Enquirer: 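Please read through the structure below; I'll follow up with questions.
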Amino acid sequence: MLNDQFGRQFNYLRLSITDVCNFSCTYCLPNGYQCDTPRNFLNKNEINTLVNAFAQLGTKKVRITGGEPLIRKNVMQLFENIGKLPKLKELTITTNGSKLLTLAQPLKDAGVQRINISLDSLDPERFRKITRTGNLESVISGIDKALSLDFKK
């Protein structure tokens, strides 16, 4: 088990797999996405190795975040691999909800048990103003789909 200098145990890993997002929220990217350097994210095998190592050290819960993790290439393979780790008790994702309508069922099938959704407003005009590119109706449809699949609350 991982312990800090005060004897506290850490059994939770929050892992950002990308800083890229399909929204361009005013609070996150006030000047839009500006990246003029090559990105060098951990690849799928590196992430699997890292999460497995943490699981071996006693990590029980993994939360995958981003940017928007569901727009990462081959993300479902990543969830499927992590979801199979026998020592993990919970696999969770934080998302903006934009891809849930099509990915909620595959996420559930891969072993994701809980979904945290960042939702900036229930007013469509305000939502669009904040996210610049988001579609509230699409996000709400994705949330409804996820709710129908009985993820943990």
Side-chain angles (χ1 to χ4, degrees), residues 1-121 127 130-131 133-134 139-140 142-153:
M1 179 63 68
L2 292 171
N3 295 306
D4 71 5
Q5 64 187 6
F6 302 106
R8 294 176 294 193
Q9 294 183 341
F10 293 92
N11 62 1
Y12 170 75
L13 173 67
R14 180 179 180 267
L15 182 62
S16 176
I17 62 170
T18 184
D19 67 354
V20 179
C21 186
N22 55 341
F23 289 176
S24 188
C25 298
T26 56
Y27 56 86
C28 192
L29 301 168
N31 299 316
Y33 186 75
Q34 298 179 5
C35 180
D36 53 2
T37 58
R39 310 312 295 160
N40 191 18
F41 301 118
L42 294 175
N43 66 42
K44 184 179 61 163
N45 291 333
E46 291 168 330
I47 292 171
N48 288 333
T49 299
L50 179 71
V51 173
N52 188 45
F54 271 87
Q56 296 299 320
L57 290 170
T59 296
K60 301 293 181 208
K61 177 181 176 182
V62 173
R63 175 180 302 276
I64 302 296
T65 69
E68 174 47 48
L70 294 179
I71 65 170
R72 183 173 163 147
K73 185 179 176 184
N74 300 320
V75 74
M76 290 313 305
Q77 291 175 335
L78 180 65
F79 280 109
E80 290 164 3
N81 291 339
I82 295 171
K84 291 177 186 172
L85 293 174
K87 294 193 178 222
L88 285 183
K89 301 296 182 212
E90 187 171 313
L91 177 56
T92 306
I93 182 172
T94 296
T95 176
N96 64 25
S98 64
K99 301 290 185 184
L100 280 180
L101 187 58
T102 57
L103 293 180
Q105 184 66 59
L107 286 167
K108 180 84 171 179
D109 295 343
V112 173
Q113 294 139 326
R114 198 178 303 266
I115 300 175
N116 179 55
I117 301 163
S118 299
L119 185 61
D120 295 302
S121 177
F127 183 86
I130 292 170
T131 65
T133 59
V139 172
I140 296 296
I143 292 170
D144 288 340
K145 178 65 176 180
L147 285 170
S148 76
L149 297 173
D150 199 31
F151 284 90
K152 288 182 182 178
K153 297 185 177 45

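Positions are given from 1, in the same order as the sequence printed here. These numbers were taken from a predicted model, which means no experiment stands behind them.
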Enquirer: To the nearest 0.5 angstrom, please state how far the CG atom of L107 sits from the CG atom of L149.
Expert: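 Between L107 CG and L149 CG, I get 9.5 Å after rounding to 0.5 Å.
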Enquirer: If every non-hydrogen atom of K145 is compared with every non-hydrogen atom of L100, which pair is closest and at what distance?
Expert: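 Minimum heavy-atom separation between K145 and L100: CG-O, 4.2 Å.
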Enquirer: Could you report the tightest heavy-atom contact between S16 and G67, atom names first, then the distance?
Expert: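 Reported closest heavy-atom pair: OG-N, 4.4 Å.
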Enquirer: Mind listing the closest non-hydrogen atom pair of N96 and F23 along with its distance?
Expert: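 Distance-wise, the nearest heavy atoms are ND2-CD1, 3.5 Å.
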Enquirer: Report yes or no: do E68 and T95 form a side-chain donor-acceptor pair below 3.5 Å?
Expert: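 Indeed, the side chains of E68 and T95 share at least one donor-acceptor pair under 3.5 Å.
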Enquirer: Quick check: are there more than 12 heavy atoms from other residues, nucleotides or ligands sitting under 6.0 Å from CZ of R114?
Expert: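 Enclosed: over 12 neighbouring heavy atoms sit under 6.0 Å from CZ of R114.
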Enquirer: For the atom pair CD1 (I115) and CD1 (I64), what is the distance rounded to the nearest 0.5 Å?
Expert: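 Separation between the atoms: 13.0 Å.
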Enquirer: Starting at SG of C21, measure out to CG of L70 and round the result to the nearest 0.5 Å.
Expert: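 Here the interatomic distance stands at 10.5 Å.
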Enquirer: Mind checking the CD-CZ spacing from E46 to F41? Nearest 0.5 Å is all I need.
Expert: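 E46 atom CD to F41 atom CZ measures 12.5 Å (nearest 0.5 Å).
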Enquirer: If we ignore angles and hydrogens, is there a donor and acceptor under 3.5 Å between the side chains of Q105 and D109?
Expert: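 Looking only at side-chain atoms, D109 and Q105 do form a donor-acceptor pair, the distance falling under 3.5 Å.
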Enquirer: Could you tell me whether the side chain of T18 reaches within less than 4.5 Å of the side chain of V75, counting heavy atoms only?
Expert: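 No, side chains not in contact.
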Enquirer: Less than 4.5 Å apart, any side-chain heavy atom of K61 and any of N11?
Expert: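 A side-chain contact under 4.5 Å is absent here.
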Enquirer: Going from CG on L85 to CD on Q56, what distance comes out if it is rounded to the nearest 0.5 angstrom?
Expert: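 Output value for this atom pair is 8.0 Å.
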Enquirer: Minimum heavy-atom separation for V112 and F151, please, with both atom names.
Expert: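 The pair with the smallest heavy-atom distance is O-CE2, 3.3 Å.
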Enquirer: What's the shortest heavy-atom distance between N22 and S98, and which atoms?
Expert: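 What the structure gives for the nearest pair is ND2-OG, 2.8 Å.
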Enquirer: Do the side chains of L15 and F54 get nearer than 4.5 Å, heavy atoms only?
Expert: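 No - every pair of side-chain heavy atoms lies 4.5 Å or more apart.
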Enquirer: Can you check side-chain contact (heavy atoms from CB on, under 4.5 Å) on L57 and F10, steps first, answer last?
Expert: CA-CA 9 Å; L57 290 170; F10 293 92; over 6 Å; no
Enquirer: If you round to the nearest 0.5 Å, how far is CG of L78 from CD1 of I47?
Expert: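 Reported to 0.5 Å precision, the distance equals 5.0 Å.
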Enquirer: Report yes if the side chains of S118 and T94 come closer than 4.5 Å at any heavy-atom pair, otherwise no.
Expert: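 They are in side-chain contact.
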Enquirer: Kindly determine whether I82 and N48 satisfy side-chain contact (heavy atoms from CB on, under 4.5 Å), including the steps that lead there.
Expert: CA-CA 7 Å; I82 295 171; N48 288 333; 4.0 Å; yes
Enquirer: Could you tell me which non-hydrogen atom of M76 sits nearest to which non-hydrogen atom of A110, and how far apart they are?
Expert: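 Minimum heavy-atom contact is CE-CB, 4.2 Å.
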